[in-house]
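Worksheet for the structure shown next.
Given the structure is predicted, the values throughout are model-derived calculations rather than measurements. Both backbone and side-chain heavy atoms feed into the values below; hydrogens, waters and symmetry mates do not.
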Amino acid sequence: MSLVIDAHNHLGDRPGARQTGAELVAKIDAAGVDKAVVFPFVEGNFTNDFVRDAYQQFPDRLIPYCAVNPWERDAAAIVRTCIADWGFKGLKLHPTINGYHLADPELVDPLFRIAEELDFPIIVHGASDLYNSPPEFALMAKRFPRVRLMMAHMGFFWSVDQAIDFAGEFENLYLETSRAPIFEIQTAVKRIGAHKVIWGTDSPFVDYEFEFQKMERATPDRSGYEAIVGGNIARLLKL
Ligand SMILES: [Zn+2]
C-alpha cells in the first residue's frame with residue numbers, strides 16, 4: 001500500500017473557520033491517513049505564516065502549499081519565498097474568492113511560470129463558478145503543459161462532465177474530489193481512469209472520517225483506489 005495522502009486541507013484562524021496543524025494531525029491519525037496537503041484559508045487578507053509554523057511542527061505529516069491573491073503586487077515574490085526558502089511543495093489559488101479569471105494571462109501566467117521553473121504542482125478551486133469553470137483550466141493546462149494542475153471539487157455542481165472531458169484531454173490536468181459526491185467520482189474513474197483522480201477532503205469543512213470512507217466506493221479496483229487516495233498526489237509531488 002502506498003502512502004495515503006489527503007490533497008486538500010485548510011489551516012488557520014479566520015472568522016467562521018479555524019483549524020490548527022495539531023487538530024488536523026489528530027484527524028488524519030484517527031482516520032489512518034499518512035499525510036495531508038495544507039494551505040491557508042484564502043478569504044480576506046491572509047498570509048502563509050500559520051501554515052509555515054504548522055509545517056515546522058509536523059514536517060513528516062503536513063505537505064504545505066503556498067496560497068496567494070494574484071491581485072497583490074508581491075504575489076510572485078511570496079510564491080518564491082514559500083517554495084524556495086520555506087520548503088513549501090505547491091501552490092493553491094482561489095479565483096472566485098479573490099476575483100479573477102484563472103486563465104488571465106497578466107495576473108496568473110507569472111505564477112504558472114514559477115511552477116514550471118521550480119517544478120511544483122498547482123491546485124485551484126474548481127467548482128462550477130464563473131472565474132474557475134473547466135474551460136479556464138483547459139486554457140491553462142494547454143498553455144502550461146509541464147505544470148501539474150489539479151481542479152479542486154472537479155467542476156461540481158454543474159460542470160462535472162465538462163471537467164472529466166478536459167481532464168481526459170489534457171495529460172497534466174487532474175480532478176480533486178473534495179465536495180464531490182461519490183457518484184460523480186465513480187463516473188470520473190470509469191471515464192478517464194483512476195490515475196486522473198486525486199482524493200482531498202477540504203477539511204475543516206467536512207466530516208473527516210466520512211470523506212475518507214466514501215472513497216472505498218470510488219472503484220472496485222484496489223490498485224486504482226490506492227492511486228486515488230495517495231499514489232497520484234505522491235507522483236505529482238515527486239515524493
Ligand atoms: Zn478548500
Side-chain angles (χ1 to χ4, degrees), residues 2-8 35 37 39 63 65-66 70 79 83 88-95 101-105 107-129 131-156 158-180 184-200 215 218-219 221-239:
S2 51
L3 288 178
V4 175
I5 304 171
D6 175 354
H8 186 151
K35 291 173 185 278
V37 169
F39 32 79
I63 301 170
Y65 284 15
C66 189
V79 173
I83 304 289
F88 281 28
K89 310 299 182 194
L91 174 65
K92 158 69 188 270
L93 297 172
H94 202 313
H101 285 275
L102 173 59
D104 183 317
L107 283 178
V108 186
D109 280 16
L111 306 178
F112 273 63
R113 280 198 289 272
I114 299 172
E116 268 184 337
E117 179 196 331
L118 300 182
D119 194 28
F120 57 81
I122 301 179
I123 186 167
V124 182
H125 174 85
S128 54
D129 316 310
Y131 285 131
N132 36 241
S133 61
E136 300 276 328
F137 283 83
L139 286 167
M140 293 309 273
K142 195 172 179 177
R143 204 179 290 163
F144 293 93
R146 290 193 290 121
V147 173
R148 288 93 73 198
L149 179 60
M150 285 168 271
M151 187 192 302
H153 320 307
M154 50 185 284
F156 193 71
W158 302 113
S159 305
V160 173
D161 284 332
Q162 206 179 34
I164 295 171
D165 282 346
F166 284 132
E169 182 177 343
F170 295 101
E171 192 246 315
N172 58 325
L173 180 59
Y174 298 83
L175 304 177
E176 184 270 332
T177 65
S178 65
R179 309 294 186 111
E184 280 74 7
I185 297 167
Q186 290 166 342
T187 304
V189 174
K190 277 183 206 145
R191 277 178 46 195
I192 58 173
H195 67 293
K196 302 298 307 241
V197 178
I198 292 173
W199 171 59
M215 298 310 292
T219 170
D221 170 51
R222 197 65 199 172
S223 69
Y225 168 79
E226 290 183 8
I228 293 168
V229 299
N232 293 334
I233 185 68
R235 191 174 74 246
L236 264 62
L237 287 164
K238 304 188 173 173
L239 288 183

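Counting heavy atoms of neighbouring residues, nucleotides and ligands inside a 6.0 Å radius, atom CD of Glu171 does not exceed 12 of them.
Within the model, atoms OG of Ser133 and CG of Leu139 stand 8.5 Å from one another, a figure rounded to the nearest 0.5 Å. Rounded to the nearest 0.5 angstrom, Ser159 OG and Met154 CE are separated by 11.5 Å. Note: Ile198 CD1 to Ser178 OG = 11.5 Å, rounded to the nearest 0.5 Å. Remark: Ile83 CD1 to Tyr65 OH distance equals 9.5 Å, nearest 0.5 Å. In this structure, CG on Asp109 lies 4.5 Å from CZ on Arg143, to the nearest 0.5 angstrom. A distance of 12.0 Å separates CD of Gln186 from OG1 of Thr177, quoted to the nearest 0.5 Å.
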Stepwise side-chain contact (heavy atoms from CB on, under 4.5 Å) check, Leu236 with Tyr174: CA-CA 10 Å; Leu236 264 62; Tyr174 298 83; 3.6 Å; yes

Ile114/Phe120 under side-chain contact (heavy atoms from CB on, under 4.5 Å): CA gap, chis, key distance, verdict: CA-CA 8 Å; Ile114 299 172; Phe120 57 81; 3.9 Å; yes

Would Met215 and Ile185 satisfy side-chain contact (heavy atoms from CB on, under 4.5 Å), going step by step from the backbone distance to the final call? CA-CA 9 Å; Met215 298 310 292; Ile185 297 167; 4.1 Å; yes

For Phe112 and Leu93: C-alpha separation, side-chain torsions, deciding distance, then whether side-chain contact (heavy atoms from CB on, under 4.5 Å) applies. CA-CA 11 Å; Phe112 273 63; Leu93 297 172; 4.1 Å; yes

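Using a 4.5 Å heavy-atom cutoff, the side chains of Leu175 and Ile192 are in contact. Counting only heavy atoms from C-beta outward, the side chains of Leu239 and Ile5 approach each other to under 4.5 Å. Counting heavy atoms from C-beta on, the side chains of Asp104 and Tyr131 never come closer than 4.5 Å. By the 4.5 Å heavy-atom criterion applied to side chains, Phe166 and Pro135 are counted as neighbours. Residues Arg148 and Leu237 have side chains not in contact (no heavy-atom distance under 4.5 Å, counting atoms from C-beta outward). The side-chain heavy atoms of Phe144 and Leu149, taken from C-beta on, include no pair separated by under 4.5 Å. Residues Val160 and Thr187 are not in side-chain contact: their nearest non-hydrogen atoms beyond the backbone lie 4.5 Å or more apart. Residues Trp199 and Ile233 have side chains not in contact (no heavy-atom distance under 4.5 Å, counting atoms from C-beta outward).
Judged by distance alone, with hydrogens and angles left aside, the side-chain atoms of Asn132 form no donor-acceptor pair with the main-chain N or O of Gly126 at under 3.5 Å. Although no hydrogens or angles enter the test, the distance criterion places a donor-acceptor pair under 3.5 Å between the side chain of Lys196 and the main chain of Leu173.
Residues Ala188 and Val197 share a closest heavy-atom pair of CB-CG2, 4.1 Å.
His8 pairs in a side-chain contact (heavy atoms from CB on, under 4.5 Å) with only one of the listed residues (Lys92, Met150, Arg179), which is Lys92.
Contact check on Arg146 versus Asp119 returns no salt bridge, with no Lys/Arg side-chain nitrogen under 4.0 Å from an Asp/Glu carboxylate oxygen.
Ring pair His94/His125 is parallel by interplanar angle, where below 30° counts as parallel and above 60° as perpendicular.
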